[in-house]
Q: 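Right, I'll just put the structure down here and ask away after.
The basis for the numbers below is simple: all heavy atoms, side chains too, and nothing from hydrogens, waters or symmetry mates. Just so we're on the same page: letters track the sequence lines, and every chain starts at 1.
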There are 2 protein chains.
Amino acid sequence: MSWRKEQRRAERGYHHGNLKEALLQAALGLIAEKGAAGFTFADAARMAGVSAAAPYRHFRDRDELLSSIAQRGFEQFEARLTAAWDDGRPDTVTAFERVGRAYLAFARDEPAFYNAMFESGLPVDANAALQAASERAFNVIRAAAERLAALAPPGAPRPPAMMMALHIWSMAHGVASLFSRGDAARRKLPMSPDELLEAEVLIYLRGLGFPTDRRPQANGAEPPPVPPEAPSGSGVPPGGPWGRPK
Amino acid sequence: MSWRKEQRRAERGYHHGNLKEALLQAALGLIAEKGAAGFTFADAARMAGVSAAAPYRHFRDRDELLSSIAQRGFEQFEARLTAAWDDGRPDTVTAFERVGRAYLAFARDEPAFYNAMFESGLPVDANAALQAASERAFNVIRAAAERLAALAPPGAPRPPAMMMALHIWSMAHGVASLFSRGDAARRKLPMSPDELLEAEVLIYLRGLGFPTDRRPQANGAEPPPVPPEAPSGSGVPPGGPWGRPK
DNA sequence: AGCTCATGTGAACGATCTTTACATGAGCCG
DNA sequence: CGGCTCATGTAAAGATCGTTCACATGAGCT
C-alpha cells in the first residue's frame with residue numbers, strides 16, 4: 001500500500017524539485033485520456049507521486065491548473081500557426097490554407113491542449129494572461145487574413161480582414177470540433193476533415209473573388225491548373241475544390 | 001434544515017409522481033446556469049425535492065440523464081431546423097440561410113440543450129437513440145443542401161450535397177461555439193454572430209456559383225445583412241455579402 | 001551552524017457519486 | 001373491501017474529490 005509512495009519519496013527525496021512542471025504534464029496526459037471534465041486534481045498529484053495537497057503550493061485551485069494548460073496551449077498554437085503561415089510563402093493563398101491545416105493538425109495532435117483551450121468550459125476572461133495568449137493566436141489568423149484581403153480582386157470592395165479571419169476561424173473550429181476529435185471523429189464522413197476544411201476554405205475564398213487555383217506569385221513552380229472546360233461566363237471555375245484533379 | 005424536506009414531502013407525498021420529468025427539467029436549468037460540467041446529479045435531486053438516491057430509479061447514472069437531455073435537445077433542434085427550412089419556401093437560398101439562423105438561435109436560446117448536445121463531452125456513439133436523433137437533425141441540413149445542390153448553376157459540376165451540408169454545419173457550429181454562447185460571446189466582434197454567419201454562408205454559396213442576391217420576395221421585410229463598414233451600393237459591381245448592393 | 005521559508009505531508013471536512021437494505025403506497029386481484 | 005406486489009423513494013454507508021490546516025522537511029542564505 002504505502003511502500004510505493006515511500007519508494008518514490010526515496011527516489012526523489014522529500015521535495016519533488018519540479019512539481020509544477022510535473023503536474024502540468026500529468027494533467028495534460030489525463031486530459032488527453034479522459035477529457036478536461038474527467039480530469040482530477042488528485043489524480044494529477046498521484047501521478048506526480050505527491051500528496052493531494054501538494055498541488056495547492058503551485059496552483060490556487062484546479063481551474064488555475066486548467067487555465068495554465070490552456071494558456072500554454074495557446075502559445076504552442078500560436079507558434080504552429082505562425083510557422084504554417086510562414087509569412088505568406090510561397091503565395092498567400094497557399095500559405096493561408098496551410099494555416100487551416102495547421103489548425104486541424106493541432107486539434108488532432110494536441111487533443112489535451114485543444115480541449116483545455118476550447119472545450120473545458122473555463123471562462124475566457126477569467127485570466128488576463130490567458131485571454132492575451134488567445135488573442136495572440138487569433139492575431140496570426142487575423143494577420144494572414146489581412147494580407148489576403150489586400151490581394152482582393154480589384155474592382156470589388158475589399159472584404160474586411162477581421163471578418164475573413166473570424167470566418168476562417170469558425171470554419172476551422174467547427175470542423176475540428178465536429179469531425180476531427182475524439183468520438184466526434186467517428187462520425188462517418190465522405191472525406192477527411194482536412195479535405196473537408198480545405199474545400200470549405202477554397203469555396204469561401206472563391207466566393208470572395210480570389211483565384212483559387214494555386215498561383216505562383218514570385219516563384220518558379222507552376223502547378224498544373226484546373227483544366228478549363230466550363231463556360232467562364234458563370235464565373236465558376238471548372239472542377240470544384242471538392243473534386244480537384246490531383 | 002429538514003422541515004423543508006418534510007414540507008415538500010407533505011406537499012407531494014412519498015411518491016413524487018413525475019420524478020423523471022422533474023429531474024430532466026431541473027438538470028436543464030442547472031446546465032443552463034453552470035454548464036454540463038458543473039451540473040450535479042445530487043443537485044438535480046435536491047431541486048426536485050427528493051433524496052440523492054432517487055434519480056437512480058430513473059437513470060442508470062449521471063451520463064444517462066445527460067444523454068437523455070442531449071437526445072431531447074436533438075429532437076427539438078430537428079424540429080426547429082425543419083420549421084426554419086419550411087420546405088425551401090419561399091426560395092431555396094433564403095430558406096437555407098434561415099436554417100443557419102435557426103441553428104444560431106437554438107444555440108442562443110437553448111444553451112442547456114446545446115451544451116448537452118455538443119459540449120458535454122459525452123460519446124456520440126454511447127447511445128444508439130442519441131446517435132439516431134443527432135443524425136435526424138443533421139439530415140434536415142443535408143436535405144436542404146440536397147435541394148440547394150440541385151440548383152447549382154449549370155455548366156459546372158454539382159457540388160456534393162453531403163459536403164455542402166457538412167460545410168454549413170461546421171460554419172454554424174463554429175460560429176455558435178466560438179462567438180454565440182456564454183463567455184465566448186464576450187469576445188468583442190465587429191458584427192453580431194448572426195451577421196457573421198449569414199455573411200459566411202453567403203460568401204460560401206457565392207463560391208459555389210449560386211446567385212446570392214435576394215430576389216424580391218412579396219415580403220418586404222428582409223433585413224439586409226449589416227454592412228460593417230463599406231457603404232452599400234458603392235457602385236462596384238459584385239459587392240460583397242458584407243456590403244451588398246441592392 | 002543555524003535560520004528561514006518554500007515546498008511537501010497527513011488528517012480532516014464537506015460534497016458528490018453510487019450501492020444496498022429497507023420503507024411506502026398505488027394499483028391490481030380476488 | 002383486504003391484501004399482495006412491485007415500482008418508487010429513503011437512509012446509511014463507502015469511495016473519491018476538492019480544499020484547508022497544522023505540521024514536517026530540507027535547500028539555500030547568512
Side-chain angles (χ1 to χ4, degrees), chain A residues 1-27 30-31 33-69 120-122 126, chain B residues 1-27 30-31 33-69 120-122 126:
Chain A
M1 299 14 175
S2 102
W3 64 270
R4 278 203 138 286
K5 218 186 272 180
E6 282 157 29
Q7 166 115 358
R8 284 196 119 136
R9 272 253 284 270
E11 283 167 7
R12 56 146 245 254
Y14 190 94
H15 288 278
H16 183 290
N18 199 12
L19 183 53
K20 185 161 189 169
E21 193 54 36
L23 286 172
L24 286 167
Q25 292 305 324
L30 289 170
I31 293 175
E33 271 181 41
K34 307 184 292 184
F39 140 77
T40 243
F41 215 28
D43 247 348
R46 207 169 305 137
M47 188 155 301
V50 296
S51 76
Y56 290 85
R57 296 295 179 193
H58 301 277
F59 302 96
R60 192 171 2 80
D61 57 14
R62 187 177 166 282
D63 270 13
E64 197 184 272
L65 170 51
L66 214 54
S67 80
S68 285
I69 290 183
S120 62
L122 47 78
Chain B
M1 307 3 186
S2 103
W3 62 270
R4 282 199 136 288
K5 216 187 271 182
E6 284 157 27
Q7 166 115 359
R8 285 195 117 136
R9 273 255 282 276
E11 283 166 8
R12 55 148 244 252
Y14 190 93
H15 287 279
H16 183 290
N18 199 11
L19 183 53
K20 185 161 188 169
E21 193 54 35
L23 286 172
L24 287 167
Q25 291 306 323
L30 289 170
I31 294 175
E33 270 180 43
K34 309 185 291 186
F39 139 78
T40 243
F41 217 28
D43 246 350
R46 206 169 307 138
M47 188 154 304
V50 297
S51 75
Y56 290 86
R57 295 292 178 194
H58 300 278
F59 301 96
R60 195 175 352 84
D61 57 14
R62 187 177 165 282
D63 270 13
E64 198 185 271
L65 170 52
L66 215 54
S67 80
S68 284
I69 290 182
S120 63
L122 46 79

Q: If you compare every side-chain N and O of A:Thr40 against the phosphate oxygens of D:dT16 (OP1, OP2), does one of them come in below 4.0 Å?
A: no
Q: Output the rounded distance in Å from CG (A:Asp43) to C1' (D:dG18).
A: 13 Å
Q: Who are the salt bridge (Lys or Arg N to Asp or Glu O under 4.0 Å) partners of B:Lys34, not counting sequence neighbours?
A: B:Asp43
Q: The criterion is ring pair (Phe, Tyr, Trp, His ring centres under 6.0 Å); which residues satisfy it with B:Phe41, sequence neighbours excluded?
A: B:Tyr56
Q: For A:Ala37, give me all partners under side chain to side chain contact (heavy atoms under 4.5 Å, CB included), at least two apart in sequence or on another chain.
A: none
Q: Apply side-chain hydrogen bond (donor to acceptor under 3.5 Å, both in side chains) to A:Glu21 and list each qualifying residue two or more places apart in sequence or on a separate chain.
A: A:Gln25, A:Arg72
Q: Which part of the nucleic acid does A:Ala42 contact within heavy-atom distance under 4.0 Å: base, sugar-phosphate only, or nothing?
A: sugar-phosphate
Q: Can you name the residues that form a side chain to side chain contact (heavy atoms under 4.5 Å, CB included) with B:Ala53, not counting sequence neighbours?
A: B:Ser51
Q: Using a cut-off of under 3.5 Å, enumerate the N/O to N/O pairs linking the protein to nucleotides 12-15 of chain C.
A:
none

Q: Treat primed atoms plus P, OP1 and OP2 as sugar-phosphate and everything else as base, then score nucleotides 19-29 of chain D 5' to 3': B for base contact with protein heavy atoms under 4.0 Å, S for sugar-phosphate contact only, - for none.
A: BB-BBBBS---
Q: Enumerate the residue pairs fulfilling salt bridge (charged side-chain N to carboxylate O under 4.0 Å, His left out) with a member in residues 54-63 of chain B, sequence neighbours excluded, ordered by first and then second residue.
A: B:Arg60-B:Glu64
Q: Taking ring pair (Phe, Tyr, Trp, His ring centres under 6.0 Å) as the definition, give me every residue that meets it alongside B:Phe59, ordered by chain and number, with sequence neighbours left out.
A: none
